[in-house]
There are 2 protein chains.
Amino acid sequence: MARAGLTAERVVRAAADLADEVGFDNITVSALARSFGVKDASLYSHVKNVRDLRTRVAVLAAGELADRIGAAVAGRAGKDALAAFAGAYRDFALERPGRYAATQIQLDPAAVAESPGHLRNVEYTYGMLRAYGLSEPDLTDAVRLLRSTFHGFVSLESTGGFGHSRDVRASWDRSVDALHTLLEHWTS
Amino acid sequence: MARAGLTAERVVRAAADLADEVGFDNITVSALARSFGVKDASLYSHVKNVRDLRTRVAVLAAGELADRIGAAVAGRAGKDALAAFAGAYRDFALERPGRYAATQIQLDPAAVAESPGHLRNVEYTYGMLRAYGLSEPDLTDAVRLLRSTFHGFVSLESTGGFGHSRDVRASWDRSVDALHTLLEHWTS
DNA sequence: GGCTGTAACCTAGAGGCCCTAGGAAAGGAG
DNA sequence: CTCCTTTCCTAGGGCCTCTAGGTTACAGCC
């Protein structure tokens, strides 16, 4: 019979798509095998186990997020860069919820060190803050506040945590504005 | 043979404890039954299914969080109340990670409406902001920013998202301070 | 075209989890 | 002591993960 032509890469990409559909926590090698018209056991030659599959999806997703953020902040600085970063971040989280969730799981440090996407995201964040002229430990405090707010917002938004009728996008823009003024007066 | 003396309440409480140990996503009726020395099927007279179990844990946890926050903000206002709220929130999230995760899952609106804990948490949040004299839509924007930052921070912290050596508690205090000044000048 | 080696893919099966249907037994009310 | 309610059980089906070991498609080479 004709082969499906599986590859570790194709399997991981399909898993990421599946995650965007049913949620990252609900990806299963059974469903993945079904989508390829293949038996479960066949996938275990491309992927060690579910845990391995998840970390591979995380690495892939972090790379895609980094691509978007990198494109958004290219050639920008200050408030302009902050707004572009924020927009790319939120868009990615809302358009690719499974992939976004994947970027947030904890990997062993070794895996993170080998994931270009994870590293690039950190670099972009620190790079974006360069224009505000902060130095340690203020810089790291600011990075943590930014990451917390961004992640918390899209996390609450995508789990339906915002019940009020107020337009969510408007709240987001307002928050990003507020963070900008905060960063400008961070040291005082 | 001697009975375990199960009750819906005891089952849910044990599930919450289990969640704090192994993570909310990893609670399983099998493990729960094992901890009671009882067969899986026995739990289904107290709980409809896993989904039901999870929402009950969520309701319990939201109530406990509300208790802590309520006690913390009692008799305080302004920056004092904000700091107390933030401290109670973070402490709960770090001490009871499974319960905290439970408070963040999305329930159908009907379940939320019947959960005193969820409602009280919303009230405490809006109440805490009263001292800053905001009116809609600024008020809701501010609530969303606060919730995002709080949730994002403890979420990243507990999943090991903060790799830098900078003391995490210090970053938290700094962020809460920053949010306070932000709220004071929100309308400008 | 046939041969061969390396994937890719398979069957078989063990073990865990969720959940239902229906039966047995403990403990209280009368 | 009897009856009734509730607790807990056995039996079993379905879906999932993962391993061990056997086939079979396909590419490259003669």
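Labels below follow one simple rule: chain letters A, B, ... track the order of the sequence lines, proteins then strands, and each chain is numbered from 1.
- Taking CH2 from Trp186(B) and CG from Asp138(B), the interatomic distance works out to 7.5 Å, rounded to the nearest 0.5 Å.
- Looking at the side chain of Lys39(A), the nearest of the listed nucleotides dC9(C), dC8(D), dC10(C) is dC10(C).
- The side chain of Ser30(B) approaches dC17(C) more closely than any other nucleotide in the set dC10(C), dC8(D), dC17(C).
- Counting to the nearest Å, the C1' atom of dC17(C) and the CZ atom of Arg51(B) are 18 Å from each other.
- Nearest to the side chain of His46(B), among dT7(D), dC18(C), dC9(D), sits dT7(D).
- In the set dA21(C), dC10(C), dC18(C), the nucleotide with an atom closest to the side chain of Ala41(B) is dA21(C).
- Within the structure, salt bridge (Lys or Arg N to Asp or Glu O under 4.0 Å) pairs that include any residue of residues 155-165 of chain B comprise Arg90(B)-Glu157(B) (at least two apart or interchain).
- Nearest to the side-chain atoms of Tyr44(B) among the listed nucleotides dT11(C), dC9(C), dC19(C) stands dC19(C).
- Considering only heavy atoms from C-beta on, Val29(A) comes within 4.5 Å of Tyr44(A) through its side chain.
- The separation between Leu32(B) atom CG and dC18(C) atom P is 10 Å, rounded to whole Å.
- dT20(C) atom C1' lies 14 Å from atom CG of Leu43(B), rounded to whole Å.
- Going from atom CD1 of Ile27(A) over to atom P of dC16(D) covers 13 Å, rounded to whole Å.
- Taking the six-membered ring for Trp and the full ring otherwise, the centers of Tyr89(A) and His151(A) sit at least 6.0 Å from each other.
- Candidate nucleotides dT17(D), dC9(C), dT11(C) were compared by shortest atom distance to the side chain of Val50(A), and dT17(D) ranks first.
- Applying the 4.0 Å criterion to OP1 and OP2 of dC10(C), one finds that Ser42(A) has a side-chain N or O inside that range.
- With respect to Arg166(B) and Glu136(A), no salt bridge is recorded, no charged nitrogen being found less than 4.0 Å from a carboxylate O.
- Between the C1' atom of dG27(C) and the CG atom of Leu6(B) lies a distance of 15 Å, rounded to the nearest Å.
- The distance between atom CG of Asp40(A) and atom P of dG13(C), rounded to the nearest whole Å, is 16 Å.
- The phosphate of dC17(C) (OP1 or OP2) has a side-chain N or O of Arg34(B) nearer than 4.0 angstrom.
- Not one side-chain nitrogen or oxygen of Ser45(B) sits closer than 4.0 Å to the OP1 or OP2 atom of dC8(D).
- The phosphate of dC18(C) has OP1 or OP2 within less than 4.0 Å of a side-chain N or O from Thr28(B).
- We find that CG of Asp25(B) is positioned 16 Å from P of dC17(C), with the value rounded to whole Å.
- Residue Ala31(A) is the one, among Ala31(A) and Lys48(A), whose nearest nucleotide of DNA chain D lies closer to the 5' end (criterion: closest heavy atom).
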